[in-house]
Amino acid sequence: MITDVEKTIRDYIDQVIHLSLATSSNDKPWVCEVHYAYDQDLNLYFRSLESTRHSQEIAQNPNIAGNIVEPHGLKDKPRGVYFEGKAELLADVQTSDLAYIALSDRFNLGEEILAEAKNQDGHRFYRIKVSKFYLFDSRESKPSQKYELPWAK
């Protein structure tokens, strides 16, 4: 049984670099994969083109859901982090902004990503403010269990 859900989530997301992001528009769902970083408050950050379907849907409807799951085989005991919240496009990101710091540190990127974000067709910065986290675990929990971590920072 997991006794510290927040610590388990923090340890887990540090090991996985991509998340599945679910958006929707006009009652039609969409899911995609993005590479992400996070800050101490567990805000999630990613970069994407505004022309992508998920970016266009976030502009229309910021309510999102997603998961962070490392690949596992048939005999592996799965664990995954699931979340819901709101995504937003960040304007005029600077070197002092958490989005830049988190992404550049995690992926060893330089200030060129700031310049790219200013280009009309460049990758923009997005933040996901998570309202609720869930942890599904079958590694330490017998039987498998889903834990909830309300998160409104």
Side-chain angles (χ1 to χ4, degrees), residues 1-25 28-49 52-91 93-111 113-114 117 123-153:
M1 176 172 202
I2 292 177
T3 57
D4 191 340
V5 175
E6 182 179 336
K7 180 181 182 327
T8 304
I9 288 172
R10 286 180 182 277
D11 291 346
Y12 185 78
I13 67 172
D14 195 48
Q15 303 303 311
V16 183
I17 64 167
H18 61 88
L19 63 80
S20 296
L21 176 66
T23 59
S24 68
S25 178
K28 292 183 180 178
W30 179 251
V31 68
C32 67
E33 297 289 316
V34 296
H35 286 86
Y36 76 96
Y38 60 95
D39 64 23
Q40 278 304 111
D41 290 332
L42 292 179
N43 292 302
L44 306 172
Y45 300 97
F46 66 94
R47 295 172 59 235
S48 191
L49 300 173
T52 62
R53 179 172 172 177
H54 58 275
S55 294
Q56 292 175 6
E57 290 183 358
I58 288 168
Q60 295 174 20
N61 176 9
N63 298 304
I64 57 86
N67 69 21
I68 301 167
V69 179
E70 61 187 1
H72 57 274
L74 289 172
K75 295 182 182 184
D76 295 333
K77 295 183 181 202
R79 175 178 280 172
V81 172
Y82 302 80
F83 58 89
E84 53 191 80
K86 292 188 181 288
E88 63 182 325
L89 172 65
L90 300 175
V93 173
Q94 304 294 318
T95 56
S96 59
D97 291 328
L98 290 174
Y100 171 76
I101 294 167
L103 287 161
S104 64
D105 287 353
R106 186 157 195 182
F107 297 108
N108 196 29
L109 301 170
E111 291 183 25
I113 64 174
L114 296 173
H123 286 80
R124 305 282 198 264
F125 290 84
Y126 288 82
R127 174 177 53 210
I128 298 171
K129 291 182 89 54
V130 176
S131 57
K132 202 174 284 187
F133 280 103
Y134 303 92
L135 172 69
F136 176 80
D137 178 72
S138 65
R139 295 180 185 175
E140 297 177 40
S141 304
K142 308 289 186 245
S144 298
Q145 189 169 340
K146 181 173 119 179
Y147 302 86
E148 183 178 330
L149 179 65
W151 196 260
K153 288 202 173 200

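Residues: numbered from 1 along the sequence shown.
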*Backbone of Thr52 reached by a side-chain donor or acceptor of Ser55 within 3.5 Å*: no

*Tyr12 side-chain N/O to Glu70 backbone N/O, donor-acceptor pair under 3.5 Å*: yes

_Chi angles and distances behind the side chain to side chain contact (heavy atoms under 4.5 Å, CB included) call for Leu135, Val5_ = CA-CA 7 Å; Leu135 172 69; Val5 175; 4.3 Å; yes

Side-chain heavy atoms of [X] within contact of [Y], under 4.5 Å:
X	Y	answer
His72	Arg139	no
Lys129	Asn43	yes
Thr23	Asn61	no
Ile58	Leu21	yes
Asn67	Phe136	no

Between the side chains of [X] and [Y], is a donor N or O closer than 3.5 angstrom to an acceptor N or O?
X	Y	value
Glu84	Tyr134	yes
Ser48	Tyr126	no
Tyr147	Ser141	yes
Tyr45	Asp39	yes

*Other residues, nucleotides, ligands: >12 heavy atoms within 6.0 Å of Lys142 NZ*: yes

*In this structure, which one of Ile17, Ile9, Asp11 forms a side chain to side chain contact (heavy atoms under 4.5 Å, CB included) with Ile13?*
Ile9

What heavy-atom pair brings [X] and [Y] nearest, and what distance separates the two atoms?
X	Y	result
Ser24	Pro29	CB-CA, 4.0 Å
Gln145	Met1	NE2-CE, 4.4 Å
Ile2	Thr8	CG2-OG1, 3.4 Å
Gly80	Val69	CA-CG2, 4.0 Å
Leu103	Arg47	CD1-CG, 3.7 Å
Tyr100	Gln94	CB-O, 3.4 Å

*Using the ring of each side chain (for Trp, its six-membered ring), is His35 parallel, tilted or perpendicular to Phe107, with breaks at 30° and 60°?*
perpendicular

*Given the rule in the side chain to side chain contact (heavy atoms under 4.5 Å, CB included) test, do Val34 and His54 qualify, once you have shown the distances and angles that lead to the verdict?*
CA-CA 10 Å; Val34 296; His54 58 275; 4.1 Å; yes

*Rounded distance (nearest 0.5 Å) linking atom NZ of Lys86 with atom CD1 of Ile128*: 13.0 Å

_Between CG on residue Leu19 and CG on residue Leu44, distance to nearest 0.5 Å_ = 6.5 Å

_Test salt bridge (Lys or Arg N to Asp or Glu O under 4.0 Å) applied to Asp14 and Arg10, step by step_ = CA-CA 6 Å; Asp14 195 48; Arg10 286 180 182 277; over 6 Å; no

*Should the pair Arg79-Glu140 be classified as a salt bridge under the 4.0 Å nitrogen-to-oxygen rule?*
yes

*Take Tyr36 and Ile68 through the test side chain to side chain contact (heavy atoms under 4.5 Å, CB included) and record every step on the way to the result.*
CA-CA 10 Å; Tyr36 76 96; Ile68 301 167; 3.5 Å; yes

_Test side chain to side chain contact (heavy atoms under 4.5 Å, CB included) applied to Glu6 and Phe133, step by step_ = CA-CA 9 Å; Glu6 182 179 336; Phe133 280 103; over 6 Å; no

